[in-house]
Colleague: 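Okay, handing you the structure first.
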Amino acid sequence: MKLLEERIRRDGRVLGTDILKVDTFLNHQIDPELMLAIGDEFAQLFADKQIDKILTVESSGIAPAVFAGLALHVPVVFARKNKSLTLPNGVWSADVYSFTKQVTNHMMIDQRFLKADEQVLLIDDFLANGQAVEGLLTIAQQAHAHVVAVGIVIEKSFQKGRQILNERGLQVESLARIKSLNSEKIEFMSS
Ligand code: G4P
Ligand code: NA
Ligand code: NA
């Protein structure tokens with residue numbers, strides 16, 4: 001998505017060799033007009049799919065997921081994260097280890113909001129090592145819901161998440177694909 005790549009080039013900051021900071025429009029301050037365009041782009045990419053609902057993870061997945069939900073006219077459910085060891089009853093849940101942040105979170109969705117046979121689209125802001133999406137897949141499996149595809153705003157193609165999802169046979173659509181962040185340079189995959 002050209003608009004997004006341009007914005008990443010303009011505002012993205014590289015930390016170390018593998019972190020892209022985009023807190024001016026996605027991860028802290030949010031640009032609603034860009035999110036609207038992102039939602040429309042996802043809706044176009046998944047126009048041929050039957051989708052009942054979108055699943056994402058708090059907090060940074062919510063903005064792009066809500067705009068995709070607006071464009072596709074479906075509700076959006078975000079998994080809540082919980083650091084405590086005990087889980088409430090009546091939730092689907094998964095443990096998710098973050099390589100980036102080196103913490104494990106429980107991710108959970110109230111069973112009222114995800115039912116058997118629902119067709120779900122997963123949306124997230126970043127795809128790095130794939131752990132967040134794996135957590136959502138685990139939750140969907142518990143609920144006997146069907147994951148029809150995965151939509152990602154920014155994929156770091158040099159990390160292993162993309163490959164893991166491909167190996168599972170999932171359709172993954174990423175609006176920006178980053179080939180490398182070496183030498184503080186943002187290099188996109190050629191499309
Ligand atoms: P994974 O889900 O693909 O395995 O990613 P990982 O655990 O490594 O990432 C953990 C958190 O860090 C996620 O946010 C993810 O979106 C974010 N993240 C990963 N790589 C980058 C990056 O290069 N830049 C930015 N800005 N974020 C990155 P989270 O913990 O779920 O936090 P939240 O922001 O959604 O609350
Ligand atoms: Na995220
Ligand atoms: Na994040």
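In listed order, ligands and their atoms are each counted from 1. All residue numbers in this chain count up from 1 along the given sequence.
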Colleague: Decide whether an N or O pair under 3.5 Å exists between Leu20 and ligand 1.
Modeller: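 Yes - when backbone and side-chain N and O of Leu20 are compared with those of ligand 1, one distance drops under 3.5 Å.
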
Colleague: Going by the atom numbers of ligand 1, which of them fall below 4.0 Å from some non-hydrogen atom of Asp125?
Modeller: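 In order of numbering, the contacting atoms are 16 (O).
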
Colleague: Considering only N, O or S atoms, which atom of Asp125 is nearest to the Na ion (ligand 2)?
Modeller: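 Of the nitrogen, oxygen and sulfur atoms in Asp125, the Na ion (ligand 2) lies nearest to OD1.
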
Colleague: Only heavy atoms count here, so choose which of Ala128, Ala79, Gly135, Gly161 is nearest to atom 5 (O) of ligand 1.
Modeller: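 Of the listed residues, Ala128 has the closest heavy atom.
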
Colleague: Polar-atom distance check: Ala132 versus ligand 1, any N or O pair below 3.5 Å?
Modeller: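 Between Ala132 and ligand 1, an N or O pair is found under 3.5 Å apart.
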
Colleague: side-chain hydrogen bond (donor to acceptor under 3.5 Å, both in side chains) with Lys53: which residues, sequence neighbours excluded?
Modeller: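 For Lys53 the side-chain hydrogen bond (donor to acceptor under 3.5 Å, both in side chains) partners, ignoring immediate neighbours, are Glu118.
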
Colleague: Set out, in order, the CA-CA distance, both residues' side-chain angles and the distance that settles salt bridge (charged side-chain N to carboxylate O under 4.0 Å, His left out) for Lys179 and Glu187, then state yes or no.
Modeller: CA-CA 5 Å; Lys179 188 176 172 189; Glu187 200 184 332; 3.6 Å; yes

Colleague: Which of the atoms of ligand 1 are close to Asp18, meaning less than 4.0 Å from one of its heavy atoms?
Modeller: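 The atoms of ligand 1 under 4.0 Å from a heavy atom of Asp18 are 23 (O).
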
Colleague: Short question: side chain of Lys21, backbone of Leu15 - any donor-acceptor pair under 3.5 Å?
Modeller: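 No; zero donor-acceptor contacts below 3.5 Å.
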
Colleague: Determine whether Ile62 and Val76 make a side-chain contact, defined as any pair of heavy atoms from C-beta on separated by less than 4.5 Å.
Modeller: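 Ile62 vs Val76: side chains apart.
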
Colleague: Which ligand 1 atoms does Asn129 reach within 4.0 Å, using its non-hydrogen atoms?
Modeller: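 Numbered from 1, ligand 1 contributes 1 (P), 3 (O), 4 (O), 5 (O), 8 (O).
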
Colleague: Could you list the atoms of ligand 1 found under 4.0 angstrom from a heavy atom of Asn27?
Modeller: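 By the 4.0 Å cutoff, the relevant atoms are 25 (C), 26 (N).
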
Colleague: N/O of Gln159 under 3.5 Å from N/O of ligand 1, yes or no?
Modeller: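 Gln159 vs ligand 1: no N/O contact under 3.5 Å.
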
Colleague: Hey, looking at atom 23 (O) of ligand 1, which of Lys156, Gln131, Lys21, His28 has the closest heavy atom?
Modeller: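 Answer by nearest heavy atom: Lys156.
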
Colleague: Does any non-hydrogen side-chain atom of Asn182 lie less than 4.5 Å from one of Phe158?
Modeller: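 No. Closest side-chain heavy atoms not under 4.5 Å.
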
Colleague: Just so I know, are the side chains of Glu173 and Glu41 near enough to count as touching, which here means a heavy-atom distance under 4.5 Å?
Modeller: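 Not in contact.
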
Colleague: So which atom in Val148 and which in Gln50 form the shortest heavy-atom distance, rounded to 0.1 Å?
Modeller: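 Shortest heavy-atom separation between Val148 and Gln50 comes out as CG1-O, 4.0 Å.
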
Colleague: Has Leu181 got any heavy atom lying under 4.0 angstrom from an atom of ligand 1?
Modeller: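 Leu181: no contact with ligand 1 (<4.0 Å).
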
Colleague: Taking atom 27 (N) of ligand 1 as the point of reference, which of Phe78, Tyr97, Phe126 owns the nearest heavy atom?
Modeller: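 Shortest heavy-atom distance from atom 27 (N) of ligand 1: Phe126.
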
Colleague: Is Ser59 close to ligand 1, meaning an N/O of one under 3.5 Å from an N/O of the other?
Modeller: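 Yes - when backbone and side-chain N and O of Ser59 are compared with those of ligand 1, one distance drops under 3.5 Å.
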
Colleague: Side chains of Val96 and Thr138: closer than 4.5 Å at any heavy-atom pair?
Modeller: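 Side chain of Val96 against side chain of Thr138, heavy atoms only: no contact under 4.5 Å found.
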
Colleague: Evaluate Asp31 against Arg7 for salt bridge (charged side-chain N to carboxylate O under 4.0 Å, His left out), listing each step before the verdict.
Modeller: CA-CA 11 Å; Asp31 180 339; Arg7 188 60 177 271; 2.7 Å; yes

Colleague: For ligand 1, which atoms have a heavy atom of Phe99 less than 4.0 angstrom away?
Modeller: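 Answer for ligand 1: 7 (O), 8 (O).
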
Colleague: Any N or O of Gly130 that comes nearer than 3.5 Å to an N or O of ligand 1?
Modeller: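 N/O-N/O distance under 3.5 Å: yes.
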
Colleague: Does the side chain of Ile178 reach to within under 4.5 Å of the side chain of Phe188, using non-hydrogen atoms?
Modeller: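 Yes, side chains in contact.
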
Colleague: Would a hydrophobic clustering, with Ile, Leu, Val, Met, Phe, Trp and Tyr connected at side-chain separations under 4.5 Å, put Leu26 with Leu181?
Modeller: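 They do share one cluster, since a chain of ILVMFWY contacts under 4.5 Å joins Leu26 to Leu181.
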
Colleague: Could you pull out all residues at least two apart from Ala149 that satisfy side-chain contact (heavy atoms from CB on, under 4.5 Å)?
Modeller: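 side-chain contact (heavy atoms from CB on, under 4.5 Å) check on Ala149 returns Phe46, Lys49, Leu121, Gln171.
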
Colleague: For ligand 1, which atoms, with element, lie under 4.0 Å from some heavy atom of Ser98?
Modeller: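 Within the 4.0 Å cut-off of Ser98, ligand 1 contributes 6 (P), 7 (O), 9 (O), 10 (C).
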
Colleague: Under 3.5 Å between some N or O of ligand 1 and some N or O of Val133?
Modeller: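 N/O-N/O distance below 3.5 Å does not exist for this pair.
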
Colleague: I need the atoms of ligand 1 closer than 4.0 Å to a non-hydrogen atom of Lys81, numbered in the order shown.
Modeller: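 Heavy-atom distances to Lys81 below 4.0 Å select 29 (P), 30 (O), 31 (O), 32 (O), 33 (P), 35 (O), 36 (O).
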
Colleague: Have a look at ligand 1 and work out which part of Thr100, if any, has a heavy atom under 4.0 Å from it: side chain, backbone, both or neither.
Modeller: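 Looking at Thr100 and ligand 1, atoms from backbone and side chain both fall under 4.0 Å.
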
